[in-house]
Amino acid sequence: MVWVAEVHRDKSMPLDQVHVALYSYFPQVAPGDPRPYVWRLLDENTILVGSRLRPTANTAREVVARRGMTYDFRATIKRARNVRGTYTRPDGTRRNRTPRAVEMKDHDEIKRWATQFAEKRGGDIRYIRVENMCLYRPKHGVALPICTLVGKVFVRDPDAFDQFLASGGPGTGKAYGLGMWYLPEIMGEVHRAAA
């Protein structure tokens with residue numbers, strides 16, 4: 001089960017600060033706890049929030065991805081994957097390096113990466129297309145390589161897939177509204193109900 005809600009976006013707030021304001025919809029979360037939600041811009045004025053916890057917004061609705069169903073999806077992700085390497089210390093012992101982000105520029109690599117990520121989380125991608133590969137600059141001095149994934153996903157394990165929807169897809173940058181998978185068939189109901 002995933003809770004989604006549409007909330008109004010204050011345009012005077014910079015995009016890199018929206019995630020901080022969204023905490024107000026989750027009073028049950030203590031300061032310092034991990035962020036319990038993912039979000040994305042639906043349009044200039046509207047933010048869609050997804051979480052395992054119910055937000056206090058009036059538009060909050062429960063959505064369920066059903067086993068055996070195929071849904072259209074859309075996701076904007078940071079197209080960088082973490083790479084862990086090893087190194088050998090002077091005494092001969094091997095150590096893991098701190099993961100570093102490597103930008104993905106090849107469409108096929110992005111498709112494979114997203115497909116494997118979804119498979120591990122209860123969904124099988126039946127079709128995927130990569131669009132709008134660009135650099136996103138939510139704040140001066142910060143540039144995130146992003147792209148949009150569009151396609152169809154088959155739900156094999158609804159519980160794992162719901163957790164996937166509530167925590168976001170591959171890629172970092174979730175504080176900037178990246179990573180949330182939007183399924184219009186079930187999440188679009190929130191948009192229509194709020195209108």
Asker: Starting from Tyr37, can I reach Val64 by hopping between I/L/V/M/F/W/Y residues whose side chains sit under 4.5 Å apart?
Answerer: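 Different clusters: Val64 never reaches Tyr37 through Ile, Leu, Val, Met, Phe, Trp or Tyr contacts under 4.5 Å.
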
Asker: Does some side-chain heavy atom of Ile146 sit less than 4.5 Å from a side-chain heavy atom of Leu178?
Answerer: yes

Asker: Of all residues at least two apart in sequence or in a different chain, which pass the side chain to side chain donor-acceptor pair (under 3.5 Å) check with Arg67?
Answerer: none

Asker: Give me the atom names and distance for the closest heavy-atom approach of Ala118 to Trp181.
Answerer: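 What the structure gives for the nearest pair is CB-CH2, 4.4 Å.
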
Asker: For the OG1 atom of Thr70 and the CZ atom of Arg126, what is their distance to the nearest 0.5 Å?
Answerer: 5.0 Å

Asker: Working to the nearest 0.5 angstrom, can you tell me the gap between Ser167 OG and Met180 CE?
Answerer: 11.0 Å

Asker: If you round to the nearest 0.5 Å, how far is CG of Leu183 from CZ of Arg74?
Answerer: 12.5 Å

Asker: At their closest point, which heavy atom of Ala5 faces which heavy atom of Pro55, and how far apart are they?
Answerer: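 Shortest heavy-atom contact: CB-CG, 3.8 Å.
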
Asker: Which Ile, Leu, Val, Met, Phe, Trp or Tyr residues join Met1 in one cluster when any pair of side-chain heavy atoms under 4.5 Å counts as a link?
Answerer: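 Taking Ile, Leu, Val, Met, Phe, Trp and Tyr as members, Met1 shares its hydrophobic cluster with Trp3.
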
Asker: Are the side chains of Tyr136 and Tyr176 in contact, using a 4.5 Å heavy-atom criterion?
Answerer: yes

Asker: Heavy-atom distance under 4.5 Å between the side chains of Met187 and Arg40, does that happen here?
Answerer: no

Asker: State which residues pass side chain to side chain donor-acceptor pair (under 3.5 Å) with Lys120; sequence neighbours excluded, sorted by chain then number.
Answerer: none

Asker: Nearest 0.5 angstrom please: Ile47 CD1 to Leu41 CG, how far?
Answerer: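 One finds 6.0 Å between CD1 of Ile47 and CG of Leu41.
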
Asker: For residues 149-156, which side-chain N or O atoms pair as donor and acceptor with protein atoms under 3.5 Å away, sequence neighbours left out?
Answerer:
residue: Lys152; atom: NZ; partner: Asp72; partner atom: OD1; Å: 2.4
residue: Arg156; atom: NE; partner: Asp124; partner atom: OD1; Å: 3.3
residue: Arg156; atom: NE; partner: Asp124; partner atom: OD2; Å: 3.1
residue: Arg156; atom: NH2; partner: Glu119; partner atom: O; Å: 2.7
residue: Arg156; atom: NH2; partner: Asp124; partner atom: OD1; Å: 3.1

Asker: Measure across Trp113 and Lys78 and return the closest heavy-atom pair with its distance rounded to 0.1 Å.
Answerer: CH2-O, 3.8 Å

Asker: Hey, is the main chain of Gly169 close enough, under 3.5 Å, to the side chain of Lys174 for a donor-acceptor pair?
Answerer: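 Pair found, side chain donor or acceptor close to backbone of Gly169.
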
Asker: Just by distance, do the side chain of Thr115 and the backbone of Lys111 share a donor-acceptor pair under 3.5 Å?
Answerer: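 The answer is yes, because a donor-acceptor pair under 3.5 Å joins these two groups.
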
Asker: Excluding sequence neighbours, so at least two apart, what forms salt bridge (charged side-chain N to carboxylate O under 4.0 Å, His left out) with Arg129?
Answerer: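 For Arg129 the salt bridge (charged side-chain N to carboxylate O under 4.0 Å, His left out) partners, ignoring immediate neighbours, are Glu131.
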
Asker: Would you mind checking if Arg79 and Glu103 are paired as a salt bridge, meaning a charged N to carboxylate O distance below 4.0 Å?
Answerer: yes

Asker: With no hydrogens and no angle check, just 3.5 Å: does a side-chain donor-acceptor pair link Gln163 and Arg121?
Answerer: no

Asker: Which heavy atom in Ala65 sits nearest to a heavy atom in Pro158, and how many Å separate them?
Answerer: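 So the two residues come closest at O-CB, 3.4 Å.
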
Asker: List for me each residue that meets side chain to side chain donor-acceptor pair (under 3.5 Å) alongside Asp106, sequence neighbours excluded, and say none if there are none.
Answerer: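 For Asp106, no residue satisfies side chain to side chain donor-acceptor pair (under 3.5 Å) once neighbours in sequence are set aside.
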
Asker: Do the non-hydrogen side-chain atoms of His19 and Trp39 ever get within less than 4.5 Å of each other?
Answerer: yes

Asker: For residues Ala57 and Val7, report the shortest heavy-atom separation together with the two atoms involved.
Answerer: CB-CG1, 3.8 Å

Asker: What residues, two or more places apart in sequence or in another chain, satisfy side chain to side chain donor-acceptor pair (under 3.5 Å) together with Asn45?
Answerer: Lys11

Asker: Is it the case that over 12 heavy atoms from other parts of the model lie below 6.0 angstrom from the CG atom of Asn58?
Answerer: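 Open: at most 12 neighbouring heavy atoms sit under 6.0 Å from CG of Asn58.
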
Asker: Using the test ring-ring contact (aromatic ring centres under 6.0 Å, His included), find all partners of Tyr71 that sit at least two apart in sequence or belong to another chain.
Answerer: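 Partners of Tyr71 under the ring-ring contact (aromatic ring centres under 6.0 Å, His included) test: none.
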
Asker: Do the side chains of Ser51 and Val38 get nearer than 4.5 Å, heavy atoms only?
Answerer: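 Sidechains of Ser51 and Val38: no contact.
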
Asker: Rounded to the nearest 0.5 Å, how far apart are NE2 of His107 and CD1 of Ile128?
Answerer: 11.0 Å

Asker: Measure the OH-OG1 distance between Tyr182 and Thr76 for me, rounded to the nearest 0.5 Å.
Answerer: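 Tyr182 OH to Thr76 OG1: 12.5 Å, rounded to 0.5 Å.
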
Asker: Using a 3.5 Å cut-off and no angle test, enumerate the donor-acceptor pairs between side-chain atoms of residues 20-30 and protein atoms at least two apart in sequence or in another chain.
Answerer:
residue: Tyr23; atom: OH; partner: Arg35; partner atom: N; Å: 3.4
residue: Ser24; atom: OG; partner: Ala21; partner atom: O; Å: 2.9
residue: Gln28; atom: NE2; partner: Arg54; partner atom: O; Å: 3.3

Asker: Listed by chain and number, what are the ring-ring contact (aromatic ring centres under 6.0 Å, His included) partners of Phe161, not counting sequence neighbours?
Answerer: Phe164

Asker: Is there side-chain contact between Thr46 and Arg9, with at least one heavy-atom pair below 4.5 Å?
Answerer: no

Asker: May I ask you to test the Glu62-Val2 pair for a side-chain heavy-atom distance under 4.5 Å?
Answerer: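 Contact flag for Glu62/Val2 side chains = no.
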
Asker: Find out whether Cys147 and Asn132 are in side-chain contact, i.e. whether some heavy atom of one side chain is under 4.5 Å from a heavy atom of the other.
Answerer: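 Cys147 does not reach Asn132 side chain to side chain.
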
